[in-house]
Amino acid sequence: MSIRTRFAPSPTGYLHIGGARTALYCWLETKHRGGEFILRIEDTDRERSTDAAVQAILDGMGWLGLSQDEGPYYQTLRMDRYREAAEGLVKAGKAYYAYESKEEIEAMRAAAIAAGEKPRYNGHYRDSSEPLRDDPNRVIRFRNPTEGSVVFEDRIKGRIEWANAELDDLVIFRSDGFPTYNFAVVVDDIDMRITDVIRGDDHVNNTPRQINIYHALGEPVPQFAHLPMILGPDGQKLSKRHGAVSVMQYRDDGFLPHALLNYLVRLGWSHGDQELFSVEQMIELFDVGDANVSAARFDLEKLSWINQQYIKTDDPAEVATHLLWHLTEAGIDPSLGGPDPVDVVIALRERAQTLREMADKAMVWYLPLTTYDEAAVAKHLKAPTALPALHSVRAQIEALTQWKPEAVHEAIKVAAEAIGEGMGKVAQPLRVAITGTQVSPSIDHTVYLAGKDEALARIDRAIALSNG
RNA sequence: GCUCCCUUCGUCUAGUGGCCCAGGACACUGCCCUCUCAAGGCGGCGACACGAGUUCGAAUCUCGUAGGGAGCGCCA
């Protein structure tokens, strides 16, 4: 039987790093084994679920390229099915109605804790022979086995055994007519013919309960793989202050989706010493059973490094499409003037870890030069050789008939030779003239990207500054 | 409190009894390259949580301790 997995977020917020990693691992395991990846929205919590969150999750998955083969399915559209399944269990004697109020349950729990015991339902209605009655507190509870234990082989954590005595009779159908999580997932995973449940390890505790429900329903139990959590840089649970932001924030911050995927796949999984993986390679090499067992911290610096590796080695035309998005965000339209974004990528790809940073640096060519760094002016435009250097290079540049980085490079070299100085004596004043600072890409690209007319105009202004 | 899970450099990890006085990557750092900044090359710093045991031999197996995490909801 071919593999079927699902990613089942609850729409109570955006898709964050932890969810994205879970989705990625499901997706990779499925692609690797040639099966179907299903997206299911677990929206039975009506208080906290929102349409905006559903859209945010869909957007995040789309940006990352984790497309589903089926779905999205919505639990709220399957209410009849849960009711039917729950009532079926009651008829079969595997579940029963109970009528305690929330207050009574709360008191029960408090009493247990006070007595130093594990808080659990006391099973009052478990063997009650009371006839079915209408009651606003009526729920359906699962008749959990009281003896023996549940054993399962987790593909990541290994063998896990749980004594049934530790489990109480959980509510599977609420008084408001909605199923509870532990019941709905089982019914869904059965109906959707899920063969491999890959999810966060905060669910291992739920697994024994769910397995008992599978048994009660007379259905085969799927394989489980519980992924360790992703922690914030400080080792604490991911919070909004670091990491737990929407994956879309990473797009806004200038990361390539593929770079994020690469970072995420290595966070908790590895293949020897390899750090960089194309999506195709991930699919080929990934096996969820090889995932690590312990939690990992999120490290923005390593993500940035990976991002730069792709900015550097991807096809510049491809990178430029992403850069263009950032330029547009910044209010720049390259079709109206300024350098070709592809040329900008070529000049800056070794100097920017993010596209955001690249877009920022590119502003020197897209916007008029308005400010000069004082120290740069003092050091390079007021130098004794500055004026002759600028005049010399201006003449060479003006004479150029071809506007290419190579030609500009040649012009600067000739200009330096003409005044008997090294490249540095010409390049630095020229750099300040073009950018107003002493830091920029190689001087030939820096001048080239400005365009001939603008380059000459900026040199003229520098000459004036140098004189004054 | 109870149950379950986890523990190799600051971080991500390799490692499944001898190849490991522990390898790679990020970060930090020294040198080289150089028109600035980067990128790159060559080095450096830096870890098997602790304690018993099994074994000729343990990062690798067992037990215990400590620390961390998750769960114990009519939330998912």
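Just so it is clear, the values below take in all heavy atoms, side chains as well, and ignore hydrogens, waters and symmetry mates. In what follows, every chain begins at residue 1, and chains take the letters A, B, ... in the order their sequences are listed.
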Inset, instruction - Kindly say if N182(A) contacts the phosphate of rA76(B), meaning a side-chain N or O under 4.0 Å from OP1 or OP2. - result: no
Inset, instruction - Not counting sequence neighbours, which residues clear ring pair (Phe, Tyr, Trp, His ring centres under 6.0 Å) with Y125(A)? List them please. - result: Y99(A)
Inset, instruction - Compare the minimum distances between each of rA76(B), rC5(B), rU3(B) and the side chain of W162(A), then state the nucleotide with the smallest one. - result: rU3(B)
Inset, instruction - Provide the Watson-Crick or G-U wobble partner of rC9(B), both distances under 3.5 Å; none if there is no partner. - result: none
Legend entry - Base paired to rG64(B) (Watson-Crick or G-U; both N/O distances under 3.5 angstrom): rC50(B)
Inset, instruction - Would you mind listing every salt bridge (charged side-chain N to carboxylate O under 4.0 Å, His left out) that reaches into residues 155-173 of chain A, with sequence neighbours excluded? - result: E29(A)-R155(A), K118(A)-E166(A), R126(A)-D169(A), R155(A)-D196(A), R155(A)-D287(A), K157(A)-D201(A), R159(A)-E161(A), D168(A)-R209(A)
Inset, instruction - Run the salt-bridge test on K102(A) and E106(A) with the 4.0 Å N-O cut-off and return the result as yes or no. - result: no
Legend entry - Under the ring pair (Phe, Tyr, Trp, His ring centres under 6.0 Å) test, residues paired with Y372(A) that sit two or more places apart: none
Inset, instruction - Check every atom of rC12(B), rC6(B), rG24(B) against the side chain of L267(A) and return the nucleotide holding the closest atom. - result: rC12(B)
Legend entry - nucleotides 29-41 of chain B: protein proximity per nucleotide (B base, S sugar-phosphate only, - neither; heavy atom, under 4.0 Å): ------BBBBSS-
Inset, instruction - Look at the side chain of S294(A) and the base of rC6(B), then say whether one donor and one acceptor between them are separated by less than 3.5 Å. - result: no
Legend entry - rA27(B) to rC12(B) separation - C1' atoms, rounded to the nearest Å: 11 Å
Inset, instruction - Would you jot down, in residue-number order, the residues of residues 377-394 of chain A having a non-hydrogen atom under 4.0 Å from RNA chain B? - result: none
Inset, instruction - For rG1(B), give its Watson-Crick or G-U wobble partner with both distances under 3.5 Å, or none. - result: rC72(B)
Inset, instruction - Not counting sequence neighbours, which residues clear side-chain contact (heavy atoms from CB on, under 4.5 Å) with A359(A)? List them please. - result: L323(A), H326(A), L327(A)
Inset, instruction - Identify, with sequence neighbours excluded, every residue that meets salt bridge (charged side-chain N to carboxylate O under 4.0 Å, His left out) alongside D290(A). - result: none
At a cut-off of 3.5 Å, list every protein nitrogen or oxygen paired with a nitrogen or oxygen from nucleotides 66-73 of chain B, distance to 0.1 Å.
{"from": "rA70(B)", "atom 1": "O2'", "to": "N205(A)", "atom 2": "ND2", "distance (Å)": "3.1"}
{"from": "rG71(B)", "atom 1": "O4'", "to": "N205(A)", "atom 2": "ND2", "distance (Å)": "3.0"}
{"from": "rC72(B)", "atom 1": "O2'", "to": "P119(A)", "atom 2": "O", "distance (Å)": "2.9"}
{"from": "rG73(B)", "atom 1": "OP1", "to": "R109(A)", "atom 2": "NE", "distance (Å)": "3.4"}
{"from": "rG73(B)", "atom 1": "OP2", "to": "R109(A)", "atom 2": "NE", "distance (Å)": "3.2"}
{"from": "rG73(B)", "atom 1": "OP2", "to": "R109(A)", "atom 2": "NH2", "distance (Å)": "3.3"}

Legend entry - Mate of rG40(B) where both pairing distances stay under 3.5 Å, Watson-Crick or G-U: rC32(B)
Inset, instruction - Could you pull out all residues at least two apart from E284(A) that satisfy salt bridge (charged side-chain N to carboxylate O under 4.0 Å, His left out)? - result: none
Legend entry - side chain to side chain donor-acceptor pair (under 3.5 Å) partners for T446(A), two or more places apart: S440(A)
Legend entry - Between P of rC12(B) and CZ of F277(A), the distance in whole Å: 17 Å
Inset, instruction - For nucleotides rC42(B) and rC48(B), find the distance between their P atoms and express it as a whole number of Å. - result: 28 Å
Inset, instruction - Could you tell me whether E42(A) contacts a base, only the sugar-phosphate backbone, or nothing, with contacts defined as non-hydrogen atoms closer than 4.0 Å? - result: sugar-phosphate
Legend entry - side-chain contact (heavy atoms from CB on, under 4.5 Å) partners of T44(A), counting only residues at least two apart: Q75(A), M79(A), R174(A), F178(A), P179(A)
Inset, instruction - For R266(A) and for D45(A), find the nucleotide of RNA chain B with the closest heavy atom, then tell me which residue's nucleotide is more 5'. - result: R266(A)
Legend entry - SB check R297(A) D234(A) (cutoff 4.0 Å): no
Legend entry - Sugar-phosphate only, base, or nothing, as touched by S175(A) at under 4.0 Å among non-hydrogen atoms: base
Inset, instruction - Tell me what G200(A) touches on the nucleic acid: a base, only sugar-phosphate, or nothing, going by heavy atoms under 4.0 Å. - result: nothing
Inset, instruction - Could you work out the separation of rC45(B) and rC9(B) based on their C1' atoms and round it to a whole Å? - result: 10 Å
Legend entry - Nearest-nucleotide 5' precedence on RNA chain B, R21(A) against P9(A): R21(A)
Only pairs under 3.5 Å count here: list side-chain donor-acceptor contacts from residues 386-394 of chain A, not counting sequence neighbours, and write none if there are none.
{"from": "S392(A)", "atom 1": "OG", "to": "A415(A)", "atom 2": "O", "distance (Å)": "2.9"}
{"from": "R394(A)", "atom 1": "NE", "to": "D460(A)", "atom 2": "OD1", "distance (Å)": "2.5"}
{"from": "R394(A)", "atom 1": "NH1", "to": "E398(A)", "atom 2": "OE1", "distance (Å)": "3.0"}
{"from": "R394(A)", "atom 1": "NH2", "to": "D460(A)", "atom 2": "OD2", "distance (Å)": "3.0"}

Inset, instruction - Flag the pair V265(A) / F286(A) as yes when at least one side-chain heavy-atom distance between them is below 4.5 Å, and no otherwise. - result: yes
Inset, instruction - Go through rU7(B), rC74(B), rU13(B) for me and flag the one nearest to the V139(A) side chain. - result: rC74(B)
Legend entry - Ion pair D360(A)/R356(A), N-O distance below 4.0 Å: no
